[in-house]
Amino acid sequence: MVERNERKNSQNKKNGLKKSSSSNMFRSVLFFIVIFLFGYALVLSFAPRTSVEEVALSSVIARANDENGDIKKITVSGNDLNITLKGKEQPTEHSYKDGSGTLYDLGLVNRCAELSGDELKSCLEKYPVIEYVEPVNYTDIILNVLTLGLPVVAIIVFFAYMMRQAQSMNKENLGFGKAKAKLYGPDKKKVTFSDVAGNEAAKQDLEEIVDFLKNPKKYENLGAKIPRGVLLAGDPGTGKTLMARAVAGEADVPFFSISGSEFAEMFVGVGASRVRDLFSKAKKNAPSIIFIDEIDAVAHKRDARGGAGREDEQTLNQILVEMDGFDNESGVIVMAATNRVDMLDKALLRPGRFDRHVDVALPERKDRLAILKVHFKKKPLEEDVNLDDLAKKTAGSSGADLANIANEAAITAAREGHKTITRDDVTEAFERVAIGPKRQSKVMNDYEKKLTAYHEAGHAIVGHVLPDSDPVHKVTIIPRGHTGGVTWFLPPEDRSYKNVYELKDILARAMGGRIAEKIVFGNDNITTGASSDLKNVAQLAKEMIVEEGMGSDNRNIVYPEESTGYYTISTGKPYSEKTAELIDKEIKTLSDEAAKRAEAVLKENREVLDRLANALLERETLEEEELPALLKGTTLPEGAKLHS
Ligand code: ADP
Ligand code: MG
Ligand code: ZN
């Protein structure tokens, strides 16, 4: 929502790019005048060609009847007299009969003056110099023009309307084939580096870019080449777009921004011309910045199976052509952002193109705290809300996730009628963002409740007992999102790597739910409640084998999947059928082992399982503080041990 409003602002305030609506009005009035003149000219072209000189009829008739006179012929058509002089082929003079007919006051013509139509015709035929022609029927002409012309006019008007519609839709009056680029003008609400929390390394890189633009001499004097292309790469929601806008806010240069996905909406052939237009505008306004957000949408690998669409390929080629066309003094820096560097066409990454990479990483704990502080800044928090605690719990979350939690917390507080945001509001927001909203409406019967309690208790106990698992943070049988209940494990600190024992413990504790159901209710009464657990097991086990080289027979070998591009249908695996069978066998070995370990733990700790399940039935949610007492007395059986 916020994002949207800001956008609208930026478009309305865009200096010089947007014509005012009054000039728009002027244009449509002009348009209709042109149409009108066009129609008028059409009517005139049907009318007999005439000169405008008026001649008194008396003299005309006299001259016409005089053998030595200069008049060869008079043509009468309706009330018009066209006079052809001797030696001329076409009538050169013109007269007309006025309404009262007084022009016919003399001589020969007089007798015909009161007549019209056929009678006039035959009357005039008696006079050799006077020729009668059918009068032009203007009503017919106008009718013709209307019937023929109206559809044409209608079509023109329709197209004009559509064009205006299309323009007003993107709030840009730049026309087809023109870049829909947004120019962040100086009066737009500025984003600066201070709005970007954490990510110091990336910010430093970008500050350097800003410096290039502000003081190019400093670098040129030392013979340094100013970079042409800067690629921001990182997970979704890590603040790439935000940082690009901060660069725009900090560098006092025009900033042209377009999103790769916008190219997809365009008509065939328009993408490339927009790129051309965008670059030429940027060059005209140099020093300036071009920002292509989500560039992967157009610049994905051309050779990926299935290939890029022809349209995208043209757009990409145009980007490459434009970047190659820069000379060092052009003063234009092209920035781009992507979630998927691996998907990008290699040609883009070559020297002279996007040769500078800025990695935007998921925030660490202290950065998460900084981001939370930014987003809770204008929100009234109760004293006991501990943002550091929230930062600790949110390992793996992106800046966008954290912004989302802050917003959800405010919404929750408002929904609950709180004046300030409470600790519970924040917790609810965190869980809502992580898993989904609570489903108060879902009713469980007593049997289902009991089953869920044992299932979650199973996860919790296996996780608690196994030595390399993260500690249990919370267990609940209140449905949320798509789950019937949740058991949360939270790592005590941020870590980048997990070892094979930790992964195996994750597999076993994921199996814990299904195994607890089996132990308590019997093998025939297992339910669909474990399907997502089993999916997770299959997924993780496969990753361990195929990507991490953690198989028992296939240790240290990985089997990369063919990278699947956009629009790509993966048709095959880059390994043999025999290898595929081996991989399947390894996956089965891992999940069998996990089930066996979970079973060993739960059988060994059956009393704790009952105690925890009953506590859950009674209290529905068990917090970190309540768990140690309930989990007391658990032991690790020999059958679940992997190492000493
Ligand atoms: P990306 O473009 O990398 O997908 P965005 O820049 O669109 O991510 O980030 C989405 C939102 O998340 C931002 O508008 C901002 O509210 C929040 N956000 C992300 N990273 C940060 C950060 N480092 N500091 C403050 N807010 C952030
Ligand atoms: Mg983005
Ligand atoms: Zn489960």
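Start at 1 and go down the list; that is how both ligands and their atoms are numbered.
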Over 12 non-hydrogen atoms of neighbours within 6.0 angstrom of NZ in Lys379: yes

Lys214, NZ atom: more than 12 neighbouring heavy atoms under 6.0 Å: yes

One residue to check: Ala400. Relative to ligand 1, which of side chain, backbone, both or neither has a non-hydrogen atom less than 4.0 Å away? both

Approximate separation, where rounding is to 0.5 Å, of Met335 CE and Met243 CE: 9.5 Å

Assess the side chains of Asp592 and Thr589: does a donor N or O sit below 3.5 Å from an acceptor N or O? no

Lys393 side-chain N/O to Asp389 backbone N/O, donor-acceptor pair under 3.5 Å: no

Counting both backbone and side chain atoms, is some N or O of Thr241 under 3.5 Å from an N or O of ligand 1? yes

With a 4.0 Å heavy-atom cut-off (strictly under), which part of Asp195 contacts ligand 1: side chain, backbone, both or neither? backbone

Take Ser398 and Asp235 through the test side chain to side chain donor-acceptor pair (under 3.5 Å) and record every step on the way to the result. CA-CA 8 Å; Ser398 68; Asp235 288 319; over 6 Å; no

For ligand 1, the portion of Thr238 having any non-hydrogen atom under 4.0 Å away: both

Contact atoms of ligand 1, heavy-atom distance to Pro236 under 4.0 Å: 4 (O)

For atom 23 (N) of ligand 1, the option (of Gly399, Ala197, Gly239) bearing the nearest heavy atom: Ala197

Ligand 1 to His375, heavy atom cutoff 4.0 Å, flagged ligand atoms 15 (C), 16 (O), 17 (C), 25 (C), 26 (N), 27 (C)

If you stand at the Zn ion (ligand 3) and look out to OD2 of Asp533 and NE2 of His455, what angle do those two lines make, to 10°? 90°

Please say whether more than 12 non-hydrogen atoms of neighbouring residues, nucleotides or ligands are located less than 6.0 Å from CD in Glu364. no

Taking both backbone and side-chain atoms of Gly237, is any N or O found less than 3.5 Å from an N or O belonging to ligand 1? yes

State whether a side-chain donor-acceptor pair under 3.5 Å links Glu208 with Gln204. no

Just verifying a value: how many Å separate Arg606 CZ and Leu602 CG, rounded to the nearest 0.5 Å? 9.5 Å

Quick check: does Asn339 put an N/O/S atom under 2.8 Å from the Mg ion (ligand 2)? no

Mind checking whether Ile371 has an N or O less than 3.5 Å away from an N or O of ligand 1? no

Using a heavy-atom cut-off of under 4.0 Å, does the side chain or the backbone of Met243 touch ligand 1, or both, or neither? neither

Numbered atoms and elements of ligand 1 in range of Val196, under 4.0 angstrom, heavy atoms: 23 (N), 24 (N)

